There are 2 protein chains.
Amino acid sequence: MALEIRPSQALRLWRQVHLDLVHDGQADLSARQTAILLTIYLELPPHTVRGLAQQLGVTKPVITRALDTMGKLGLVTRRRDEFDRRNVVIQRTVAGALAVERLADLVVQRARELGPG
Amino acid sequence: MALEIRPSQALRLWRQVHLDLVHDGQADLSARQTAILLTIYLELPPHTVRGLAQQLGVTKPVITRALDTMGKLGLVTRRRDEFDRRNVVIQRTVAGALAVERLADLVVQRARELGPG
DNA sequence: CGATAATGATACGGACCCGTAACGATCGGG
DNA sequence: CCCGATCGTTACGGGTCCGTATCATTATCG
């Protein structure tokens with residue numbers, strides 16, 4: 001079920017969605033933060049700092065700081081793992097789920113509006 | 001020629017491309033910077049600081065700083081407009097064009113790999 | 001126990017970015 | 001000519017992020 005898209009379409013889609021994100025005054029997330037957020041919301045729990053760091057190929061402090069920021073924005077929450085208290089389990093929030101959902105709708109909508117070529 | 005894509009597909013595509021960008025050690029551009037870069041490379045020249053600021057709905061210093069950063073990365077160049085020396089014309093570079101092209105191919109490739117649902 | 005390993009958080013110096021405000025340079029009309 | 005308008009840049013104070021190194025806490029295993 002491959003999704004066929006031409007390079008020029010891909011670029012216009014990419015640009016338009018980013019323009020929308022900037023325009024809507026959403027949090028100006030970096031590529032890293034976006035990757036972290038979507039990983040948390042798309043991959044199966046549980047998510048740990050170490051696991052996310054491995055998946056992204058970055059150091060642990062990067063994840064910790066990103067979680068700090070997203071926590072302030074209400075996009076994720078952290079909780080101690082009671083079975084292994086060294087671990088921290090990253091949890092989703094309603095606000096985060098809504099933000100992800102809004103992003104999905106944005107991409108779908110802008111893709112639908114793409115002209116040929 | 002609408003491009004049909006489901007929300008879950010959109011999210012997986014978005015996540016995977018961002019993961020690739022992080023992994024490939026590309027510059028960790030923010031949403032704003034990405035929007036600026038793609039606007040320069042997709043919209044017809046000439047591009048000015050003021051024009052970009054209007055299109056993105058941000059202040060001029062934001063554009064100036066983004067151009068500083070992308071200039072260091074070799075993605076864009078600036079030149080004085082000789083007809084109206086108040087203006088600065090933003091120009092594309094070979095490196096920038098290659099980076100944009102690579103992004104396009106990345107999106108196309110990851111879209112092709114998307115499963116259904 | 002005690003030693004070792006593993007996890008996530010923190011400290012540090014440096015870099016970048018933000019928004020507001022001010023600035024120098026340039027144009028253009030009276 | 002000069003004065004206002006316009007352009008892009010810079011200054012400022014505050015915030016975030018980076019990578020490296022180190023830390024406290026907790027688990028594991030001899």
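Just so it is clear, the structure is predicted and the values come from calculations on it, not from any experiment. Atoms considered below: every heavy atom in the structure, side chains included; atoms not considered: hydrogens, waters and symmetry mates. Per chain, numbering begins at 1; letters A, B, ... match sequence-line order.
- Side chain of A:T93 to backbone of A:G74: a donor-acceptor contact under 3.5 angstrom is found.
- Here the side chain of A:Q33 pairs a donor or acceptor atom with the backbone of A:S30 at under 3.5 angstrom.
- A search for side chain to side chain donor-acceptor pair (under 3.5 Å) contacts involving B:R80 returns nothing, not counting sequence neighbours.
- For residues 31-89 of chain A, no residue pair satisfies the ring pair (Phe, Tyr, Trp, His ring centres under 6.0 Å) rule, not counting sequence neighbours.
- In summary, contact between chain B and DNA chain C, defined as any nucleotide atom under 4.0 Å from a heavy atom of the protein, begins and ends at C:dC16 to C:dC27 in the 5' to 3' direction.
- Contacts between residues 58-67 of chain B and DNA chain C, defined by a heavy-atom separation below 4.0 Å, involve B:T59, B:P61, B:V62, B:R65, listed by number.
- Not a single donor-acceptor pair under 3.5 Å links the side chain of A:Q91 to the backbone N or O of A:R79.
- Using a 4.0 Å cut-off on heavy atoms, the residues of residues 31-56 of chain B that approach DNA chain C are B:R32, B:Q33, listed by number.
- Partners of A:E101 according to the side chain to side chain donor-acceptor pair (under 3.5 Å) rule, which considers only residues two or more places apart in sequence or in another chain, do not exist here.
- The nearest heavy atom of DNA chain D to A:D84 and to A:S30 marks one nucleotide each, and the one closer to the 5' end goes with A:S30.
- Residue B:I40 forms a side-chain contact (heavy atoms from CB on, under 4.5 Å) with just one option from B:I90, B:V100, B:L75, and that option is B:I90.
- Under the 4.5 Å side-chain heavy-atom criterion for ILVMFWY residues, no single connected hydrophobic cluster contains both A:L98 and A:L29.
- For DNA chain D, the residues of residues 69-80 of chain B within the heavy-atom distance limit of 4.0 Å (strictly under) are B:R78, sorted by number.
- Taking CD1 from A:I5 and CG from A:L3, the interatomic distance works out to 6.5 Å, rounded to the nearest 0.5 Å.
- Within the structure, every pair that satisfies the side chain to side chain donor-acceptor pair (under 3.5 Å) test and touches residues 59-75 of chain A, not counting sequence neighbours, is listed here: A:D68-A:R78.
- With sequence neighbours left out, the side chain to side chain donor-acceptor pair (under 3.5 Å) criterion links B:E4 to no other residue.
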Run the numbers on A:V89 and A:T48 for side-chain contact (heavy atoms from CB on, under 4.5 Å), then give the verdict. CA-CA 5 Å; A:V89 180; A:T48 64; 5.5 Å; no
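- Panel note: side chain B:Q9, backbone B:R6; a donor-acceptor pair is recorded below 3.5 Å.
- Along DNA chain D, the stretch of nucleotides lying under 4.0 Å from any heavy atom of chain B spans, 5' to 3', D:dT6 to D:dT10.
- Annotation: side chain to side chain donor-acceptor pair (under 3.5 Å) contacts of A:D105 (sequence neighbours excluded): none.
- Sorted by first then second residue, the side chain to side chain donor-acceptor pair (under 3.5 Å) pairs that include residues 10-19 of chain B, not counting sequence neighbours, are A:T39-B:R15, A:E43-B:R15, B:Q16-B:D20.
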